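Below you'll find the structure, written out as structure tokens, and then a few comments.
Numbered from 1 within each chain, the chains take letters A, B, ... in sequence-line order. Quick caveat, the model's predicted, so the values are computed rather than measured.
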Protein chains: 2
Amino acid sequence: MLTRSEEDHLKAVHALLEGGASAANKDVAERMGTKASSVTMMLKKLADKGLLKLEPYHGVKLTAKGRAEALKLVRKHRLWETFLVERLGFGWDEVHEVAEQLEHVRSEKLTDHLAEYLGDPAFDPHGDPIPDRHGRITARNMRPLPAVGTGERVRVAAVKDGSDALLQLLGRKGIGIGKVFTVRDRQDFDQSLELVAADGIHLTLSAKAAAHLWVEPASPRERRAP
Amino acid sequence: MLTRSEEDHLKAVHALLEGGASAANKDVAERMGTKASSVTMMLKKLADKGLLKLEPYHGVKLTAKGRAEALKLVRKHRLWETFLVERLGFGWDEVHEVAEQLEHVRSEKLTDHLAEYLGDPAFDPHGDPIPDRHGRITARNMRPLPAVGTGERVRVAAVKDGSDALLQLLGRKGIGIGKVFTVRDRQDFDQSLELVAADGIHLTLSAKAAAHLWVEPASPRERRAP
DNA sequence: CTTTTATTTTAGCCTCATCTAATTTTTATT
DNA sequence: AATAAAAATTAGATGAGGCTAAAATAAAAG
């Protein structure tokens, strides 16, 4: 059985790797807000338990077992976020910290009943995929908004790594998961984007904000879907 | 802010006092499953934080602040139990341990939204009162079943301190909160009780089981209510 | 009012998960 | 290849929160 701290370290490693970054000792330390020496010990413990392979200076790798464990935590975290937003009326910018606590509650039954209660959702309120009980996630065809060409019509599929402040900003601009718009223009000066929503409303998004917005193709006449 | 262990000790003290017992060091130790020496330290910490008054050999007393804190924990515990049973389909004998974990999640907003979501219930699945956000609980006129006279018609109001095994046993006999029955007879030999349910079905309950059943008066013609 | 027993406290040790500071190892630069 | 820089590890400390064993204190019994 993993301690809470072990779970947190495992999740940090998984998040780093999933984000395409390497999970070297220092990366984990930075993400955890602790010191490298502390991380050395925790990673050693996780390696002893067969959850990851240590490769000093090159970043740790998760084993299949480690990945499975991490996905269970991700599943719990995202199910709770979904519950908080959809059932309890939390804003999408208010759930992370609470879900961070809830995800450590140990009960397979709880997790599965919660998932069922929520209708086995495939995505959480930020558009992140919720692994099913076997760790499988739904594949999608997404790009970050800055990679979208002028004139393309897209639908917001996820806000990746969004801080609460970013989520609030997007909320104020009326941008949420499922929102469909066309990229009208891009400013050379600051790479900010000019968007036109389906309802004709124009809005501007900074390059920094846009980088967190992942979108999928929206067929020209389509309004909403999945 | 209280640590998890401090919260557990505070809750243990509160539970002992609420149950009419004294909360001496050894009582707390027994309830916590730890040693007296460990309890000495934790109680000292709680006393330092102004949550209780130490009175060695005579049992600690909660301060107003300590009682308020304890009631917040009780509220959270019972709200989660209610959620698990009413929304997630858990049995009333399966929720204690999970609620024990959930109650430590820190978020006023979560607690209050959960309560609202559940319809601000006044009682949990075992019939125990759920304190409101100010710590107030609904008063009731209850007696333990063994104190009920032959011929009296009563309604099950709560199962106090019921182990999972007892709850399962009661479930199998069809006894739950709100169940109405008449005490038909009492065996001198073992103090077991003969009951007749509203539907005419007879059943026997051991003195040991009956001691946990708290009941309120049921007017002769009434079938069910609150 | 002693003596015995129960209860509580103290003292010292242990494990965890963190830290700082020093050291070692690896990678990168010249 | 030598050296500088970065990253990782080790060593030793700390604070929680538990333990055991011994000592102190209060309550109960005679």
With sequence neighbours left out, which residue pairs that include part of residues 88-113 of chain B fulfil the ring pair (Phe, Tyr, Trp, His ring centres under 6.0 Å) condition? A:F90-B:H113, A:H113-B:F90, B:H77-B:H96
Take A:K11 and A:E100 through the salt bridge (Lys or Arg N to Asp or Glu O under 4.0 Å) test and state the conclusion after the steps. CA-CA 11 Å; A:K11 209 169 58 119; A:E100 203 75 14; 3.0 Å; yes
What heavy-atom pair brings [X] and [Y] nearest, and what distance separates the two atoms?
X: B:G50; Y: B:K65; answer: O-CB, 3.9 Å
X: A:G91; Y: A:V95; answer: O-CG1, 3.5 Å
X: B:A70; Y: B:L10; answer: N-CD2, 3.8 Å
X: A:M42; Y: A:H9; answer: CG-CE1, 3.4 Å

What residue pairs, at least two apart or across chains, pass salt bridge (Lys or Arg N to Asp or Glu O under 4.0 Å) with a residue in residues 23-47 of chain B?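 Sorted result for residues 23-47 of chain B: B:E6-B:K45.
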By a strict heavy-atom criterion of less than 4.0 Å, which residues belonging to residues 2-14 of chain B are in contact with DNA chain D? B:T3, B:S5, B:H9
For DNA chain D, what residues of residues 40-50 of chain A have any heavy atom nearer than 4.0 Å?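 Within this stretch, A:T40, A:K44 sit under 4.0 Å of the strand.
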Does NZ or CZ of B:R87 lie under 6.0 Å from the centre of the six-membered ring of A:F83, at an angle within 45° of the ring axis?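 No; the conditions do not both hold, so B:R87 does not lie above the ring face of A:F83.
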Kindly indicate whether a cation-pi arrangement holds for B:R78 with B:F123, taking the cut-offs as under 6.0 Å to the six-membered ring centre and within 45° of the axis. no
Show me the protein contacts with nucleotides 21-24 of chain D, counting only N or O atoms at under 3.5 Å.
none

Nucleotide range of DNA chain C lying under 4.0 Å from chain B heavy atoms: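 With heavy atoms of chain B under 4.0 Å away, the range is C:dT7 to C:dT10.
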Has B:K35 got a side-chain N or O lying under 4.0 Å from the OP1 or OP2 atom of D:dC19? no
D:dA8, OP1 or OP2 - any side-chain N/O from A:H58 closer than 4.0 Å? no
Polar contact flag, side-chain donor to acceptor under 3.5 angstrom, B:D185-B:T150: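 Per modelled atom types, B:D185 and B:T150 side chains form no pair under 3.5 Å.
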Name the pairs: protein N/O against N/O of nucleotides 13-15 of chain D, kept only if under 3.5 Å.
none

Residues two or more places apart in sequence or in another chain: which of them pass salt bridge (charged side-chain N to carboxylate O under 4.0 Å, His left out) with A:D112? A:R75, A:R133
Can you name the salt bridge (charged side-chain N to carboxylate O under 4.0 Å, His left out) partners of A:R4, sequence neighbours left out?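 For A:R4, no residue satisfies salt bridge (charged side-chain N to carboxylate O under 4.0 Å, His left out) once neighbours in sequence are set aside.
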Name the nucleic acid region contacted by B:T34, choosing base, sugar-phosphate or nothing; use a 4.0 angstrom heavy-atom cut-off, strictly under. sugar-phosphate
Applying side-chain hydrogen bond (donor to acceptor under 3.5 Å, both in side chains) as the test, list every pair that has at least one member in residues 156-168 of chain B; sequence neighbours left out.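 Those involving residues 156-168 of chain B are B:D93-B:Q168, B:D128-B:K160.
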Map B:A24 and A:G33 onto DNA chain C by nearest heavy atom, then report which one ends up closer to the 5' terminus. B:A24
Could you go through A:K109 and B:E94, starting from their C-alpha distance and side-chain angles, then the distance that decides it, and tell me whether this counts as salt bridge (Lys or Arg N to Asp or Glu O under 4.0 Å)? CA-CA 10 Å; A:K109 183 162 189 170; B:E94 302 174 313; 2.7 Å; yes
What does D:dG12 pair with, Watson-Crick or G-U, if both distances are under 3.5 Å?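 For D:dG12, the partner nucleotide comes out as C:dC19, under the 3.5 Å rule.
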Please state how far atom CE in B:M1 lies from atom P in D:dA16, giving the value in whole angstrom units. 15 Å
side-chain hydrogen bond (donor to acceptor under 3.5 Å, both in side chains) with A:E97: which residues, sequence neighbours excluded?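 Applying side-chain hydrogen bond (donor to acceptor under 3.5 Å, both in side chains) to A:E97 gives none.
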Considering residues at least two apart in sequence or located in another chain, which fulfil the side-chain hydrogen bond (donor to acceptor under 3.5 Å, both in side chains) criterion with A:S206? none
